[in-house]
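Every heavy atom of this structure was used, including side-chain atoms; hydrogens, water molecules and symmetry mates were not.
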Amino acid sequence: MDLTFTPQEEKFRSELRGWLDANIPAAWRDPSFWRSVSDDEGFELRRDWERRKHDAGFAGIAWPTEYGGRGGTPGMKAIYDEEMALAHAPQSANALGLTFLAPTVMAIGTDQQKRDIIGPMLRNEVIWCQGFSEPGAGSDLAALRTSGVLDGDEYVVNGQKIWTTNAMHGDKLFTLVRTEPGPGPGRQAEGGISPVGTNNDQSGALEAGTARRDPEARRSHGMHRGISMLLVDMRQPGVETRPLRQLSGASEFGEVFFTDARVKASECLGGVGNGWKTAMLLLSFERGASGISQYATYRRGYDEIVAAARRLGRDTDPTLRRELASRLVELECLRYHAMHVLTQVEQGRDLGSESSITKLQWSETYQKLFETFDHLLGLDGVVTSPVDGLDLASLQFEAFWTRSVTIWGGSSQVQRNIVAERVLGLPR
Amino acid sequence: MDLTFTPQEEKFRSELRGWLDANIPAAWRDPSFWRSVSDDEGFELRRDWERRKHDAGFAGIAWPTEYGGRGGTPGMKAIYDEEMALAHAPQSANALGLTFLAPTVMAIGTDQQKRDIIGPMLRNEVIWCQGFSEPGAGSDLAALRTSGVLDGDEYVVNGQKIWTTNAMHGDKLFTLVRTEPGPGPGRQAEGGISPVGTNNDQSGALEAGTARRDPEARRSHGMHRGISMLLVDMRQPGVETRPLRQLSGASEFGEVFFTDARVKASECLGGVGNGWKTAMLLLSFERGASGISQYATYRRGYDEIVAAARRLGRDTDPTLRRELASRLVELECLRYHAMHVLTQVEQGRDLGSESSITKLQWSETYQKLFETFDHLLGLDGVVTSPVDGLDLASLQFEAFWTRSVTIWGGSSQVQRNIVAERVLGLPR
Amino acid sequence: MYFALTDEQRALAETVRDFLADRFDLTAVRAVFEDTAGDGHPAELWKAFAEQGWLAVLVPEENDGMGLGLLDAQVLARAFGAGAVPGPWLPTVLVGEAVRLAGSPAQRAAVLGPLAAGELVATVALRAPGGSFDQSGVGVTADIDPGGTRLTGTASPVEYAGVARTAVVAAKEPDGGIGLYLVDPTSASVTVTALDTYDGTTRLGALTLDGAAGERLPESNAAVLAELSRRGAVLAAADLVGTARAALTRTIEYDKTRVQFGKAVGSFQFIKHTLADLHVGVLMAEHAALYAAHAVDAALPDAALAVAVAKAKANDAAERATGAMIQYHGGIGYTWEHEAHFFYKRAKRLVGTFGDAGEHLDRIAALSIDA
Amino acid sequence: MYFALTDEQRALAETVRDFLADRFDLTAVRAVFEDTAGDGHPAELWKAFAEQGWLAVLVPEENDGMGLGLLDAQVLARAFGAGAVPGPWLPTVLVGEAVRLAGSPAQRAAVLGPLAAGELVATVALRAPGGSFDQSGVGVTADIDPGGTRLTGTASPVEYAGVARTAVVAAKEPDGGIGLYLVDPTSASVTVTALDTYDGTTRLGALTLDGAAGERLPESNAAVLAELSRRGAVLAAADLVGTARAALTRTIEYDKTRVQFGKAVGSFQFIKHTLADLHVGVLMAEHAALYAAHAVDAALPDAALAVAVAKAKANDAAERATGAMIQYHGGIGYTWEHEAHFFYKRAKRLVGTFGDAGEHLDRIAALSIDA
C-alpha cells in the first residue's frame, strides 16, 4: 500500500494549483455565483475560462500528445479532477465530448474525423452534446425511434432527443439514430425514465454477450440492429433545441428536435449500422472515472451543511450528528474506492463493470447527504431567503439536483442489475 | 369511530381475565420458564392447560355452537387473542388445526369428517400438524413431490415434509400430496426457502385467477393439478418424525418422512385432485387474524428490552432512544391496523389480500425491534449468563426467533409480490 | 369496535375530492405555484371553502360553526394534501382552535364567526428559527407594560404572514409561563418579511415584533400551546398522508403503463416490492392519522403518544412516497412540467411543520421509556 | 498510488484460506461451536498458528517476531472471519501490541517471544459491563499499596478469560490517568467466571479483581489505551469484513442454484438488487478496513477517522450480509445444521467488540463537526 503520488505527479499538482489560484475569480467560490448569472452568460464565462486553461496546458491531461493532450499519467488525471473540484472550478463546457466522444474518435474514428473533431474540441471551438435518450427510450435506450434516411450522400434525420446537457449552447451532437427500420411496433412508450449525462452505461445490460441467453434479451438484441451514430451540426434549420426546466427551476438539460436535419454520410462514427457497438465503446470510457471529483465536491458540501446547521444551533443534536457521521462514512468509502479504481487503471487492469459500483456509491451517498441536510435544517430549511446572513438557497438547490443523480446516467435500478448480473454472475 | 367493545364483549373479557388470573401459574410469566422444561414436558403442560381452558368454555370462541364453539363475535375473538397474550398464555398446542383445518372442515368436510375431526380437536384429544412444505417446495409450494398412490381403499404415501410445527407431538397431519403425476422434470430443487406455520398464504400468488395471464403462471397452474389433501395418522409405522434443530438451538419445527404410509381414501379433504383449491381455502382463514395478539406480545417485549437497557445504563443514549421510539411507532401502527382489520371482519367486508399486509407489518416490525435490542445491549447482549441478576437469555432467544418470521408463512418477498399484484394491481 | 370513517366523513372526503377535480385541479395549483410574486391565496378558492363550511368545521355551533371534531378536520387536511392545495386553511383553522380553547367569550365571538364565514384569514406564529414546536421553541417575549402587554421577538417561518389579518403569537411571560396573544400583523410595531420558499403551495413570512400590542387569550398557558401544537401536528400529518397517497397512486398508475425493455416498468420485481412496501407504510400512516385525530377528540389516555406516532409515521411515509414518485417516474418526474415536485416539495415542507421526526421520537421515547 | 494488498499479502491470504480449507474447515468449527463445555481453543489449531507465524506477525523482529504491520494482520483477521475461526488469536495479538507499545524491555522480552511462539495465550480486559471502549468504560481501579499496585473491579466480557495465562487490564489510576497492567488471571485474587454466549466461535468470561497484583506497563496511559482500542477495532473490522464477504458469497452461490417457481432464486430481481447492494456495501467495508490498517501503520493524519469509518462500515456490512444469508437461504439458513448461524452470530458479537456503531459515529461526528 502506497498512497503517495510520484514526485512528477506532485509537481503537476502544485503547478495546476498555482494556476487555478491565479485564474479562478474569488466570486466563483460563492456557491450562489453561477445561479446569479444568466445561462448564456455563465456558459460564455465557462467557455472562455476553459480556453485559457487549454492555453495554459491543462487540457487533455491524460490524452496522447499526438492529439494535443498532455500525455499525463492516470494519477495526474486524478489529481486534475480533485484539484478542479477543490478550486470550485466550473463544470467543463465540453464534458461529454471530452469524456466520451474524443476517446472513441481516437479509437475508431477516420483520420479526417480525428483531425476535424479532437483539436477543436480541446480548444472549445466546438461544443459537443450527446443525443441518446428519447421520451420513449430512457433506461431502454435501444427503443429509440429517431430515424436517419440516406438521401444521396446525406442522411435526413427526423425525431426527438431529450435530456441533452448544454442543448442550448451546443454546436454539434453525437447521436444515435435508426438508419434501418426497427423490429416494428410493440414498443410504443410514453413519458420517460430517461438516463442522461455521463455514465450512461445502463444500455450495456443488453450487450451481445448476455443477449443470447434468453428470449427477452434476444428480442432486445434485435433492437440493436440498424442503429448508427451520427455527428449532427446543431446550427442548421432542421435542428431545434428547447430548454427543459427541471424541478429545481434550472435547465441544465434540453430537448433536441430534428425535422429533416441533414448529416453528411462521412459524419457517421464507427460505421453505418454499428451504432450500438459504437455507443457501448463510447460509454465504456466512463470506466476510468474514479469518483474522486465527486468525493472532493461532496466533502465540501458536507462542511457547508455542518456550517449551516451550526448557525441554527442544530449541530449538537446527538442523533443528527450520528446521521451526518453515517454520511461521512460513505463519503470516505467513496474516496477509498476512488484510490482502488485509480490503482486498477494504473495497473492496466480491466475495470469491467466497476463503474456501476462507483456510480451507485457516489449517487446514493450524494442523495442521502442532502436528505440529512433536510433533517438537520428541519423547518428552517424550507426558507430560501437569506435570514441573518444564512443563505440556504444554494444548498437547497443542490438538494433538488441530488434527486436526479439516481435517475440519469443509468438509474440505480439499472446499475444494480449490472452489478448483479455482470459482477456477481447472477442469472438474468 | 368508536373503539369500545360492546358490554357483552367487555363482560366476556372480564370473565376470561378472571379465569386466566386463576389458571396461569405464576412461573409461566417468567420468560425463561418454557425453556427450562423439556419439549415433551412443556407440550404436556400445554395440552393439559388447554383441556382445562376448553372445559371452562374458552375454546372455539367465534366458532358456531353446533361445532362445540362459543358462537362469539369477532370482537370476542380479538379480546381472546389479546388477553391470552397479556396473560403470558402459552401458544396453543393445536394452533394450526384450530386456525386452518377446523374452518375448512366446517366449510367443505364430509359429515363424517366434521364429526370425527372438530370435537376431538377442540378438546385436544387429537393434535393436528400441517404438512405442506418440502425441501424442494418452499415458497414454491406447488413444486411438492410427495406422492399418494391409491391401493384398494387406501393411499400409499411416500415422500418428505419439512417445517412441520409440533411434528414430534402430533397425532394427525393434514398434508398435500401428489395423487396424480406432476408435469415431469425441470423442477429438481435442493435446499429450502421454506414457508411454514401459519399465514402460509404465499401460494395464493399462483391462484387460478392470475394463472391465466402469462406463460410462467400457466406453467405453475399445471403444477396445481393432481394434488390432494390427505389426513394422515402420524402414529403408524410408515410415518417417521424428526426434530429440526434451529439456529436458536430450539426445535419448534420437525421433519416428517413417509415410507409407504397408509391413508384411508375417506381421509381425503375436499375431493381427490382438488388439493390445491382446498389448500387455498384453508389458508384463506388466516385472513381474519388481526395482529392484535402479536401487538400485545411485542409490546411487552418492548418493555422488557427497555428494562434490560436501563439495567445497563443504555436507556439514556439519545440515538438509541429514537431508534426504540421508531419501533414503537410501527408497533402502534400494528395495533391501529388490527382495529382496522377487526372492523372489516365485523362488517363482513372482504379482506382480500389484507393478511399479507398484516404479516409484513408484524414480522418486519418484530424483527427490527430485536435488531434494536442488539443495538441497545451492544457487547453486553452477547452474554447469555445472568450477570448481577440481569438475564438476557430469553430475549436473546427471542431475537434469534425473529430471524425466522420473515421466512415462514410466506416470506416477506412473497408477501410483497402479493401486495404488489393483488392489492396494487401491478402487472406480473 | 368501529375503526373507520363514518359514512358522513367518507362523503365529505368525496365532496372535497370532486370539488378539487372540478374547480381547483393541478393546473390551478400550478398557476399559484409558479406565481411566486403572488400572495398564494386564490380568492375564489377561499370563498368556496367558506361556502362549503370547510373553515367552520371545528368552530362550535354557538359561534356559527359546524362543531365537528379533529377526525372530520383531518378528512379535509388529507384531501388538501392529495390535491396539493394552496391557501391559509391550516393556520386559519388553528387560530380558531386557539381561540376556542383559550379565548374569552368576547374573543370567541369576535374571531370565530368571521373565521368560519371566511371573512378572516389568520395564522399562528409559535416558534423562532431553529426552535422546536413546544414552549422551548418560543422566540417572543411578553412584557407587562402600563399600556398593556408588549410583545418582542421573532417567529418564523409563519404561513401566510402576508395575508393574515390576525395572528396568534406564543410568548414567554415574565413568570416563566407561556401565553397566546392575538396580534394584528399589520400594525406599525410588527414587521412582516416575505420569505422565499421552494414550495409554491404555500407562502411564508417572518414576523418581527418590536413592542407590539397583544391581546392575551385568557385561558392560554403552556398546556394550551402543547394542545394547539398537537392539533397542528395531527392536521399536518393528515395533509402528509394525503400527499403520500396521491404520490404513490400516481406513481403506480404511471408504472402500469410506462414500458421499458418491452414490459411495463411496474412489472419489474424490484419496483413492485418497493411500491408494495410504500403502500404498507402509507396505509399505516393513514391508520395513525385517523387514530390520533380520534384520540385527541375523545381525550384518550394515549392521545399524546398517538399524535407523536402519527406525525413521525406520516413524515416518513410522505418523504419516501414523494421521493419514490420522482425516482419511479424516471426523468419525466424530475421536470418542472410534471406534478411530482408539487408533492415532493409540499411533503418536504410539512415534514418540519409541527415537529420533525426527531422531536416526535423524543416525545415517544419519553412517554415509553421514562414513564 | 497503490491502494491494494501487495503480492506477499495476497499470498498470505491465500495461504490462510488453503490452510483452513485443509485443516480447519466449517466441520471443525462446528465441533468447537457445539462443544459449549469445552474451552473453545483447539490445541492443534493453535500449534499450527504458531508454526505459520500468525501469532508473530506484529511482534518486532528483535523479539523473534515478523515485525509486520496492521495491514498484514488484517489479512489474517479477515481470513479468520471468512472461516469463522475460533480461538484466542485476537486477544493474544492485542496483548502483544500493548506490551510492544508500552512495555519495558524486560516485559517485551518476557511476553513477546513466548507469545509469538504460541507458548502464551493472553487476553485483554479493558471495559466494564455497559462501558465503551475508551477510558470512560474502564471499570477497574488501581490503588498504590506499599506492597505494589492492587487492582480492584470487573472487566467483562473478556475473550478466552478461561484459558489466558496473562491478561492486560486497563485501570483508572489515583491521578485520574489510565494504566495498563499485566495480571495473572489464575492468581487467588482474581476470579474468572465463565459466561455463556450464543457465539460458539469464541468463549467469554468475566474477570473480577479483588486487590489483584498488577505489573504496570511503564509507558501506558490513556493515549496508549486509545491506540490499543483502535488497533483492536481495525482487526475486529477486518474479521467482520471477512465474515460479511463469506456470508454474501455463500448466499450468492446458493441462490444461483436454488430453484423456485421454475427459476433460480437469484434471478428474481428483488433478490438480485438486494445482493448487488450488499456487494457494494461489503466492498466498501473491505476498502475501509484496508485503508484504516494502512493509516494506522503509516500514522496518517486521518488515522483516527479512518478507524472509526472502518469499524462503523464493517459493522453495518456484516450485520446486513449475515442477516441476508439467513433470509435468502430461506428455511434452510435458519437451521442449526446450516452454517449461516456461525457467521450471523459471529458478526453479531463482533459488532459490539471494540466499539459499536454509535461509539464510532460519535467519534466521527466529533472529528468532522466540532473540529
* To do: Enumerate by number any residue of residues 359-369 of chain C whose heavy atoms lie under 4.5 Å from heavy atoms of chain B; in the absence of such residues, state 'none'.
  => C/L361, C/D362, C/I364, C/A365, C/A366, C/S368, C/I369

Side chain, backbone, both or neither of [X] within contact of chain C (heavy atoms, under 4.5 Å):
X: B/L342; value: side chain
X: B/V341; value: neither
X: B/E9; value: neither
X: B/S326; value: both
X: B/L424; value: both
X: B/V329; value: both

For [X], is it the side chain, the backbone, both or neither that has a heavy atom under 4.5 Å from a heavy atom of chain B?
X: C/A288; result: both
X: C/E286; result: neither
X: C/I252; result: both

* To do: Please find out if less than 6.0 Å separates the ring center of B/Y298 from that of B/Y302.
  => no

* Asked: When you measure from the centre of the six-membered ring of B/W362, is the NZ or CZ of B/K368 under 6.0 Å away and within 45° of the axis?
  -> no

* Checking C/K263 against C/F268: charged group under 6.0 Å from the ring centre and within 45 degrees of the axis? -> yes

* To do: Count the heavy-atom pairs under 4.5 Å between each of B/E364, B/E323, B/Q344, B/R335 and chain C, then report the option with the highest count.
  => B/R335

* Would B/Y366 and B/E398 count as having a side-chain donor-acceptor pair, cut-off 3.5 Å? -> yes

* Asked: Would B/D81 and B/Y295 count as having a side-chain donor-acceptor pair, cut-off 3.5 Å?
  -> no

* **Heavy-atom side-chain contact between B/L3 and C/Y291 under 4.5 Å** => yes

* Asked: Quick one: are B/R299 and B/L328 in side-chain contact, heavy atoms under 4.5 Å?
  -> yes

* Return yes if some donor-acceptor pair links the side-chain N/O of B/R314 with the main-chain N/O of B/L376 below 3.5 Å, else return no. => yes

* Asked: Hey, are B/D303 and B/R310 close enough for a salt bridge, meaning a charged N less than 4.0 Å from a carboxylate O?
  -> no

* Asked: Checking side chain to side chain contact (heavy atoms under 4.5 Å, CB included) for the pair C/V309/C/L305: CA distance, chi angles, key distance, verdict?
  -> CA-CA 6 Å; C/V309 166; C/L305 177 68; 4.2 Å; yes

* **C/R100 atom CZ, neighbour heavy-atom count above 12 within 6.0 Å** => yes

